[in-house]
2 protein chains.
Amino acid sequence: MSASSGVPDGRRPTLADVAARAGVSTALVSIVMREAKGASAATRERVLQAARDIGYRPDARARLLRSQRSRLLGVQFGLQHPFHTDLVEGLYAAAEPAGYQIALSAVAAGRGEQRAVETLLDDRCEALILLGPQAPAARLAELAGQVPVVSVARRLRPSIPGLEVVRTADDKGARQAVDHLVELGHRDIAHIDGGRAPGAADRRRGYRTAMNRHGLAEHIRIVPGGLTEEDGADAARALSADRPRPTAVLAFNDRCATGVLDVFLRCGIAVPDDISVVGFDDSHLARLAHIDLTTVGQDIPRLAQLAVGRAIARLEADETADETVAVGEQVIAPHLVVRSTTAPPR
Amino acid sequence: MSASSGVPDGRRPTLADVAARAGVSTALVSIVMREAKGASAATRERVLQAARDIGYRPDARARLLRSQRSRLLGVQFGLQHPFHTDLVEGLYAAAEPAGYQIALSAVAAGRGEQRAVETLLDDRCEALILLGPQAPAARLAELAGQVPVVSVARRLRPSIPGLEVVRTADDKGARQAVDHLVELGHRDIAHIDGGRAPGAADRRRGYRTAMNRHGLAEHIRIVPGGLTEEDGADAARALSADRPRPTAVLAFNDRCATGVLDVFLRCGIAVPDDISVVGFDDSHLARLAHIDLTTVGQDIPRLAQLAVGRAIARLEADETADETVAVGEQVIAPHLVVRSTTAPPR
DNA sequence: ACATGAGGCTAGAACGTTTTACAATCGACG
DNA sequence: CGTCGATTGTAAAACGTTCTAGCCTCATGT
């Protein structure tokens, strides 16, 4: 029996209710609500008052069912990846001022990318922003055929039409990490890789070329890893049994590095005294003082800004049939953040 | 020029397209797509084939514009709270088998609860599941007047109609933590509280009564804190200057505890040798071996399951005008998880 | 032979918006 | 004094579904 809403029955108030109360047509109410021109200041105020009175809120679904534009950007992200949640925060910040909404769809245990993307598509998102997508390139190409797609942090053949890539120069990042370690005096530097994860191939390559460049070819050691703490832990266990043990490790990402730190800690291997550890991403995780991880920083706000920018550019271009948007790929530079998990070898 | 879609122009295929191709009415296609009864096996197959041919996917917006039920549960969560992301994972797992969809709306820097809830409402969610909402009770009551609301982890006057509460027995949790510390031999136990955060009052009270019960009334010390690492760090700095310094600290939650650990670490105060630290939530964070925090565990999958269950119960009850759902509040027991940040005092 | 009922299907009206096309009013200008 | 162009407003047709009512057809029971 809550009388907070102005309509008698339980229904949510609609345009028609507002129109009736203000004594105008629904079309006019629509004009006022959209802040379009075509209404006098006086009626505008009268309509707004009526809307306030009965607690009217436009129905987003109906609205975008009618108007072709939904101004909705679908975002797929990994719930448990700090790097992704940081990115999402940036995406909100970039999209809302530009007049676009974000629709979130999480990838989690029991909910794969396929499912995540499907729900976004069903919601009629105009473009898809995929954070570190793992789907096969063919699948992404297929998607890009239906709707503009921005892949963040995953490199892809730039020739796929309708597909934009925004990413950090992963190879360069790995190189920076190796340079830093070499500068500290390390020679035996291992890399725990990310397997087939987005960016893994580039980081692997960056590591390899940097090692070669420093004349450390024979010390190249790549341990299979992954992108979770568990993957890092497994790799670290393998590594700590190796002889000679490397004096430094570059992990695929911060989560992986955290797993590495854990294992070393429990085995009594001191970081950074016995071994140095470098992560990748500079997510929230790395900044926790208890972890305080030296890591390769990605410029997260920038990545988010660019991703939204590319998606929107694509949309507005499609609208005007303007073909001058063929950028395809934006690569931005990483920068090393030195914290306390790296030091000269003993 | 991508011919992947079966319709000539760029349009997304609709019911009508499928109907035309299969040579039936749109109503029948609708019946088939919804797996409703009223179509023969033969035509059913023919329609499905046509749908596949042209790559038809139902339009979620149009669908729920028409059908009164949207089967959509709106979830408000804090992007940066591991406890929340863990919960969201559980919510997906609970909702999808029940035939409900989850719509996510994040609270983040620059995007408050008000905004988060508004977008959910605009999307015509049938019910709202709010994770640790901080909004004033009056606001929540107002919301609950419009739509069933489930508050997770935030206690509220159970008398508010349309509002369900699912939470952990926070007071009991705090008591368990204090009991554990007392058992280890601690007497001087401080509490860094959560201020006005959800659950903070109960945890404060639980701490206080437990201390009293153990005859440690004069050692009660409550330091103002909050729910982020920064809040914990500030409190820890204050605490480490105090004389006598407490031998144990119960922090408001895991994030706060992490901040505490950081500061102690940097000040050269050893945990658990010089001081024991207990967190709250048992989120991902606490389990990171580098942190390995003794904490009060909340049964996250259970909380999620119950939250979805209550929301759905409410909806189905409203539907049948059945008034037997007045549960209002579900409180579930916490359990202490002992890890490596607690030990007997020196 | 005739009602009865069930299965299979369709026409057409919703749902709550936006959009298009057009009508009325009014001041100004020739 | 008629005509023009703004301005302010409206009626009605979309948008892509679901839902209600009802129409066939055919088998069944009497």
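The model shown is predicted, which means the values in this text are computed figures rather than measured ones. Labels below follow one simple rule: chain letters A, B, ... track the order of the sequence lines, proteins then strands, and each chain is numbered from 1.
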Asks: Under 4.0 Å between a side-chain nitrogen and a carboxylate oxygen: does that hold for B/Arg52 and B/Glu45?
Replies: yes
Asks: Salt bridge (charged side-chain N to carboxylate O under 4.0 Å, His left out), that's the test. Do B/Arg111 and A/Glu89 meet it? Break it down for me.
Replies: CA-CA 9 Å; B/Arg111 192 171 195 269; A/Glu89 199 156 346; over 6 Å; no
Asks: Counting any heavy atom closer than 4.0 Å, what does A/Ser30 reach on the DNA or RNA strands: base, sugar-phosphate only, or nothing?
Replies: base
Asks: Round to a whole Å and report the spacing from CD of A/Glu45 to P of D/dT8.
Replies: 15 Å
Asks: Of all the choices, C/dT10, D/dC19, C/dG16, which nucleotide is nearest to the side chain of B/Ile31 once you look at every atom?
Replies: C/dT10
Asks: Report yes if at least one side-chain N or O of B/Ser67 is closer than 4.0 Å to OP1 or OP2 of D/dT17; otherwise report no.
Replies: no
Asks: Counting only side-chain heavy atoms from C-beta out, which of D/dG16, C/dT17, D/dG9 sits nearest to A/Tyr56?
Replies: C/dT17
Asks: CG of A/Leu28 versus C1' of C/dA23: gap in Å, rounded?
Replies: 15 Å
Asks: Which comes earlier along DNA chain C counting from the 5' end, the contact point of A/Arg66 or that of B/Ala62, where each point is its nearest nucleotide?
Replies: B/Ala62
Asks: How many Å lie between CG on B/Leu65 and C1' on D/dA14, as a whole number?
Replies: 13 Å
Asks: Please check the phosphate of C/dC15 (OP1 and OP2 only) for any side-chain N or O of A/Thr14 closer than 4.0 Å.
Replies: no
Asks: When you check the gap from the basic side-chain N to the acidic O, do A/Glu113 and A/Arg139 get nearer than 4.0 Å?
Replies: no
Asks: Using whole Å, report how far CG of A/Leu64 lies from P of C/dC15.
Replies: 19 Å
Asks: Would you mind telling me which residue lines up with the more 5' stretch of DNA chain D, A/Arg44 or A/Thr26, judged by nearest nucleotide?
Replies: A/Arg44
Asks: With respect to the side chain of A/Arg63, which nucleotide from D/dG16, C/dT18, C/dT10 is positioned closest?
Replies: C/dT18
Asks: Any side-chain N or O of B/Arg69 under 4.0 Å from OP1/OP2 of D/dT18?
Replies: no
Asks: Side chain of B/Ala39: nearest nucleotide among C/dC9, C/dC15, D/dT18?
Replies: C/dC9
Asks: Over all strands shown, is A/Ala27 touching base, sugar-phosphate only, or nothing at heavy-atom distances under 4.0 angstrom?
Replies: base
Asks: Which is true for A/Arg61 with a 4.0 Å heavy-atom rule: it touches a base, it touches only sugar-phosphate, or it touches nothing?
Replies: nothing
Asks: For the pair B/Arg44 and B/Glu35, evaluate salt bridge (charged side-chain N to carboxylate O under 4.0 Å, His left out) and give the outcome as yes or no after the intermediate values.
Replies: CA-CA 9 Å; B/Arg44 201 174 282 274; B/Glu35 302 185 16; over 6 Å; no
Asks: Between D/dG16, D/dT17, C/dG8, spot the one nearest the side chain of B/Leu15, thanks.
Replies: D/dT17
Asks: Would you kindly give the CG-to-C1' distance between B/Asp123 and C/dT17, to the nearest whole Å?
Replies: 15 Å
Asks: Answer yes or no: does atom CZ of B/Arg302 have more than 12 heavy-atom neighbours from other residues, nucleotides or ligands under 6.0 Å?
Replies: no
Asks: Quickly work out the B/Asp59 CG to C/dG16 C1' distance and round it to whole Å.
Replies: 14 Å
